[in-house]
There are 2 protein chains.
Amino acid sequence: MAISDRRISESTIHRLSIYYRALQQLEKENYETISSKELARREKLTPAQVRKDLSFFGSFGTRGLGYPVVELKGKIAGILGIDRVWDVALVGVGNIGSALVSYKEFQKQGFLIKMVFDNDQRKIGSNHKGIIVSDIRNIVSELRNSSIEIVIIAVPSSMAQLVADDVVQAGIKAILNLAPINLKVPDDVVVRNENMAMELEYLSFSLSNHQRPK
Amino acid sequence: MAISDRRISESTIHRLSIYYRALQQLEKENYETISSKELARREKLTPAQVRKDLSFFGSFGTRGLGYPVVELKGKIAGILGIDRVWDVALVGVGNIGSALVSYKEFQKQGFLIKMVFDNDQRKIGSNHKGIIVSDIRNIVSELRNSSIEIVIIAVPSSMAQLVADDVVQAGIKAILNLAPINLKVPDDVVVRNENMAMELEYLSFSLSNHQRPK
DNA sequence: TAAGAATTGTGAATCGTTTCACAACATTCT
DNA sequence: AGAATGTTGTGAAACGATTCACAATTCTTA
C-alpha cells in the first residue's frame, strides 16, 4: 500500500518532525543507532508510539539493535519532503513578517523565502535581506511566474482572507497562516495556522484551572 | 464536579479559543444569539462538537434558540482565564523576540509584555517599546520580584534549556517556547511549543504526499 | 392554547489513536 | 553452539474523542 493511499494522522506527522530533530542531535552526539526506548525517553513519548509511527512508512530498524541514526534521519527527511529545497513567499512585512525574512531556522531546514509582498507604498521596492518587496497588487501573476510552492501570510486579520484568495488563485496549494482567523480555501489547499495568542490562551487556561496538558 | 477535577482535552481548549474569536466577530455583526449549527458552519466543525465542548463547562444555551453571543463570549473568557490581564516576560530580543514586543495581538488579548531579557551586552539597557532590556543573568531574582506569570522563550535552541531552568527556578508555571527543542521542566510547569519550521514541514509533507489534513 | 419548528444537552455508538504484549529476529556471552 | 539479552514490528486491547440520535425545552404562529 502506497503511503499516499493511507491516512497518516496529524499527530504522527508532527512527531516525525520531532524525531527528525532528535536524530540531528543524536548524530552530533555520534550515536550510530538509537532504540525506540531511548528516543521515546528523550522526547517524552512511549517506545510503542515511536515504533508505530515509523512502521507506517516502512521497517527501518533492526531487531535487537535499534534504528541506524543517520539512515533513519534520511528516511524521515524523505517522508516529510524536506530532502529538497522549497521556495517560499511571504506576504506582509510588519513586525512578524520582517522577523521571518531573517529567521535562520527556515533556511537551515531548506525553506527559502524568495519573494516578499506588502501593500504599503513606503515598503514596496525596499530591500529586505536582499529581497525587494513587491506590490501585493501583482501577487497573482508574480506567484504564477515563480517557483514558489508555499506562502506565509503575515498580514492583519482583516486582510488575510483577501490575500488567501489571491494566493489560491495563483495556484498555491500550501499556506502557513499567522493571522488569527480561519481561512476559507478549497479542499485541495492545505492551511496550517500558527497563532501565538491562542497558545497563550492555553497557558492562561492551564494556570487558571490547574490543569496540565494531557 | 468541578471543572478542575475533569480532564478537558487539548483540542477542546483549542476550540474554545476558536469559539471566542468567532463570538467576537459575531458581536461585531450584531448577532444576539448563535446556534451550534451556524457556529460550526463558520469554523468548519460539527454542531455536536460545539455543543459537547461547551457542555463540559455548563449549559449556556437555550433550546430552540441557541447561545447568547455576548454572554457566551464572557463565559468562555472566564473559562480560558482571559477575563483578566496577564503579565508576561520575554527572553531573547532577536528577530522574533523584538517583533513580539510590538505585536498588538498580545496586548489586545490581555497579555502584556512587561519585562524583556537578553544576554547581549549591546542590547541590555536599550529601550524596546518603553521596556528596558534586562541582563539575563538577573532573571531569577527579577522574575521572583515581579508579577510575571508567563514567560516567552525566544532564544536560540542551544540556550533554551538553560533559560527554562532559570525560569522554572524563579517559580514560573507557564512557558511559551519558540525554540525548536523539547524543554525538560517539572510536571507542574506547562509548556507550549510554537515551532514554525515544524508547520512548514507539515506543509512539505502534505505537498509531497498529496495528503490533506484529517 | 395547541401545534409546529428549532435547537440544546447528553447517553450511546462509532471512530481513531495509543498502548500492550509477544513472536521474530539480531547480538553477545560463555 | 546454545543460552541469555535486547529490540523491532504488529495484531489486539484499551482508551479517548467525535458523532449520532433523540428527549427536553423554548419560541412562534394561528
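Naming: A, B, ... by sequence-line order, numbering from 1 per chain.
- The distance from atom NE2 of A:H14 to atom P of C:dG16 is 21 Å, rounded to the nearest whole Å.
- As a whole-Å value, the separation of B:I13 CD1 from D:dA17 C1' is 14 Å.
- For the pair B:E32 CD and C:dT7 P, the interatomic distance rounds to 15 Å; values are reported in whole Å.
- In terms of phosphate contacts, B:Q49 brings a side-chain nitrogen or oxygen within less than 4.0 Å of OP1 or OP2 of D:dT19.
- Remark: A:E32 CD is loosely packed, at most 12 non-hydrogen atoms of other residues, nucleotides or ligands lying under 6.0 Å away.
- Closest non-hydrogen pair, B:I79 versus A:F205, comes out as O-CD1, 3.3 Å.
- Taking a cutoff of 4.0 Å between a charged side-chain nitrogen and a carboxylate oxygen, A:R21 and B:E201 qualify as a salt bridge.
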Pairs under 3.5 angstrom, nitrogen or oxygen only, protein versus nucleotides 6-8 of chain D, please.
unit_1	atom_1	unit_2	atom_2	d
D:dG6	N2	A:G64	N	3.2
D:dT7	O4'	A:G64	N	3.1
D:dT7	O2	A:G64	N	3.1
D:dT8	OP1	A:S36	N	2.6
D:dT8	OP2	A:S36	OG	2.5
D:dT8	O2	A:R63	NH1	2.9

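- Here B:R192 does not pair with A:E194 in a salt bridge; the nearest charged N to carboxylate O distance is not below 4.0 Å.
- When rounded to the nearest whole Å, the span between CG of B:L54 and P of C:dG9 equals 8 Å.
- Put simply, CZ on B:F56 is 13 Å from P on D:dG16, counting in whole angstrom units.
- Around atom NE2 of A:H128, more than 12 heavy atoms belonging to other residues, nucleotides or ligands sit under 6.0 Å away.
- B:E10 places its CD atom 14 Å from the C1' atom of C:dT17, with the value rounded to the nearest Å.
- The existence of a salt bridge linking B:R84 and B:E149 is confirmed by a sub-4.0 Å separation between a basic side-chain nitrogen and an acidic carboxylate oxygen.
- Residue A:R15 places at least one side-chain N or O closer than 4.0 Å to OP1 or OP2 of C:dT18.
- Atom NZ of B:K52 and atom C1' of D:dA21 are 12 Å apart (whole Å).
- Rounded to a whole Å, the CG atom of A:L45 is 16 Å from the P atom of C:dT17.
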